[in-house]
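Please read these numbers as outputs of a predicted model, since none were measured by experiment.
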Amino acid sequence: MAQWATFAGVTGVVLVLLLVLSHLTQSAFSDDDSTASDGADTASPQSASASSARDDSPEFDSESDRRDSHDPAAPADGEAGSADSSAGADADTDAETAAESESDATADRDGRSAAPDCPTTANDPTTSERAVGPRRTESPSDPARITEPGAHSDGRPQQELDPRSLSAGELLANVALSQGLFASVLLGAVLYTGIPVGALGIEFSTAFLRQGLVLGTAAGLVLYAANEIGAAAATHIGFDHDERLRTLLAPDTTWEWLVLLAFVLPLIAGFEELLFRAALIGALSTGFGVDPWLLAIVSSIAFALGHGMQGSVGILVTGLLGFVLAAVFVVTGSFLVVFVAHYLINALEFVVHEGLEFDWAETLES
């Protein structure tokens, strides 16, 4: 006998964990952006002060020049005799001054050589402060920035991981690991609780395979075009559509493209369809008799919240896309149809935007 309540509980836990992980990822990007913005705001007044100091220095130079310009450049004709008579005395005075300076310099060298082992900075408060204080780094925009030990140049602690510091391969591995773990938990719950695969929209027949591939491909192409047009139109109106995560996941090599298209994207589509369509709609409607269309609305809202990284437009478009996929699942009763459609949408987004570098928004505006 199927343990519907247990499966529903496991599904709820997986859903909550997925939403929490999505929120943490979004917060990591938001915190990094705010840190960079605060650093830029802090640097601006300091740069202005440095610029002001540089602008003030010519004033003092010009004032000194003006004072020098008021001094007579040469003696008058009536004073020529007195100037000549004082030249000899000035020369003697200069000679005595030079001799005294040479004597002082010799004494200084002798004093330093007499005590070579004595530290000259032992009682220097500024030297002690430099030894124990924070490091001071200089940059063209912020000459007075202070970097604490164990911190990045922008003030972030070193233990905080910046997602943008990871390579595309590392991000793909991280996504595959998290999605694969959640999918394994759900599949394990299906086996443990004895949920019939028919309730999840899965059959093992040639007709099921044919229907899934044909209808899934058609639905995927149509939904991809509608998704791109909707996102481009919303961006044109003025709503934000954050595509940083997709850009970060964009492969750099042929091998990474193969991993993305043949492993990571199928894993993502499989897990999300298993959770949001097969479990939340198929299993719960079969096991508890809940209206599948009501569950379609609930699952679409959860599906949209799980894509908060894409901004307000991304949440809205993804929510609508999720509801359409839920409707296709309710009508066809096939997990394979929505899986193929979901995979094609994701794959085409990467290939068109990151591979071919084609922008729908720019094309529609032109």
Side-chain angles (χ1 to χ4, degrees), residues 15 18 175-176 179-180 182-183 186-187 197-233 241 243 245-246 249 257 260-283 285 292-293 295-307 310 313-356 358 360:
L15 177 61
L18 178 66
V175 171
Q179 301 284 299
F182 288 143
L186 271 183
L187 291 176
V197 294
L200 303 174
I202 300 175
E203 296 180 8
F204 300 98
S205 64
T206 305
F208 173 78
L209 181 62
R210 185 185 305 110
Q211 179 196 41
L213 294 177
V214 174
L215 295 181
T217 301
L221 294 175
V222 172
L223 290 177
Y224 165 73
N227 182 51
E228 291 286 7
I229 294 174
H241 189 198
E243 298 176 347
L245 185 59
R246 189 190 66 209
L249 289 172
W257 273 106
L260 175 71
L261 296 176
F263 179 70
V264 176
L265 292 185
L267 182 60
I268 293 175
F271 161 67
E272 292 187 349
E273 292 306 318
L274 180 63
L275 173 63
F276 292 104
R277 258 64 73 177
L280 289 179
I281 299 176
S285 63
W293 290 105
L295 294 173
I297 296 175
V298 174
S299 69
S300 301
I301 295 174
F303 186 66
L305 294 177
H307 293 77
Q310 298 178 9
V313 172
I315 293 176
L316 177 61
V317 173
T318 304
L320 293 175
L321 176 64
F323 182 77
V324 174
L325 288 173
V328 171
F329 178 81
V330 172
V331 172
T332 63
S334 173
F335 169 82
L336 185 58
V337 171
V338 291
F339 165 75
V340 173
H342 193 157
Y343 168 78
L344 280 178
I345 295 170
N346 290 345
L348 288 173
E349 282 186 351
F350 273 96
V351 171
V352 172
H353 287 278
E354 308 303 332
L356 302 178
F358 178 81
W360 281 79

Heavy-atom nearest pair, Ala302 first then Leu15, reads CB-CD1, 4.0 Å

Rounded distance (nearest 0.5 Å) linking atom NE2 of His342 with atom CG of Leu321: 7.0 Å

If you measure from CG on Leu267 to CZ on Phe182, what distance do you get to the nearest 0.5 Å? 11.5 Å

With a 4.5 Å cut-off on side-chain heavy atoms, are Asn227 and Glu349 touching? yes

Check the angle between the aromatic planes of Phe323 and Trp293 and answer parallel, tilted or perpendicular using the 30° and 60° thresholds. tilted

Can Phe335 and Leu200 be said to form a side chain to side chain contact (heavy atoms under 4.5 Å, CB included), step by step? CA-CA 7 Å; Phe335 169 82; Leu200 303 174; 5.9 Å; no

Test side chain to side chain contact (heavy atoms under 4.5 Å, CB included) on Leu275 and Phe303 and set out the steps. CA-CA 9 Å; Leu275 173 63; Phe303 186 66; over 6 Å; no

Given the rule in the side chain to side chain contact (heavy atoms under 4.5 Å, CB included) test, do Val324 and Leu320 qualify, once you have shown the distances and angles that lead to the verdict? CA-CA 6 Å; Val324 174; Leu320 293 175; 5.6 Å; no

Supply the atom-to-atom distance Phe350 CZ to Leu261 CG, rounded to the nearest 0.5 angstrom. 9.0 Å

For residues Leu221 and Leu348, determine if any side-chain heavy atom of one lies less than 4.5 Å from a side-chain heavy atom of the other. yes

Under 6.0 Å from the ring centre and within 45 degrees of the ring axis: does the NZ or CZ of Arg277 meet both conditions for the six-membered ring of Phe339? no

Straight-line distance of His307 NE2 to Glu272 CD, nearest 0.5 Å: 4.0 Å

Would you call Leu295 and Leu280 a side-chain contact if the rule is heavy atoms closer than 4.5 Å? no

If you take all heavy atoms of Gly319 and Ala304, which pair is closest and at what distance? CA-CB, 3.6 Å

For the side chain of Tyr224 and the backbone of Ala341, is there at least one donor-acceptor N/O pair under 3.5 Å apart? no

When rounded to the nearest 0.5 angstrom, what is the spacing between CG in Leu274 and CD in Gln179? 11.5 Å

CG (Asn346) and CG (Leu249) are apart, to the nearest 0.5 Å, by 10.5 Å

Taking all non-hydrogen atoms of both residues, which atom of Gly201 and which atom of Phe329 are closest, and how far apart? CA-CE1, 4.2 Å

Where do Val197 and Phe204 land on the side chain to side chain contact (heavy atoms under 4.5 Å, CB included) test, with the steps shown first? CA-CA 10 Å; Val197 294; Phe204 300 98; 4.1 Å; yes

Quick check against the 3.5 Å criterion: does Thr318 have a side-chain atom that pairs as donor or acceptor with the backbone of Ile315? no

What one should report as the nearest heavy-atom pair of Val340 and Leu213 is CG2-CD2, 4.2 Å

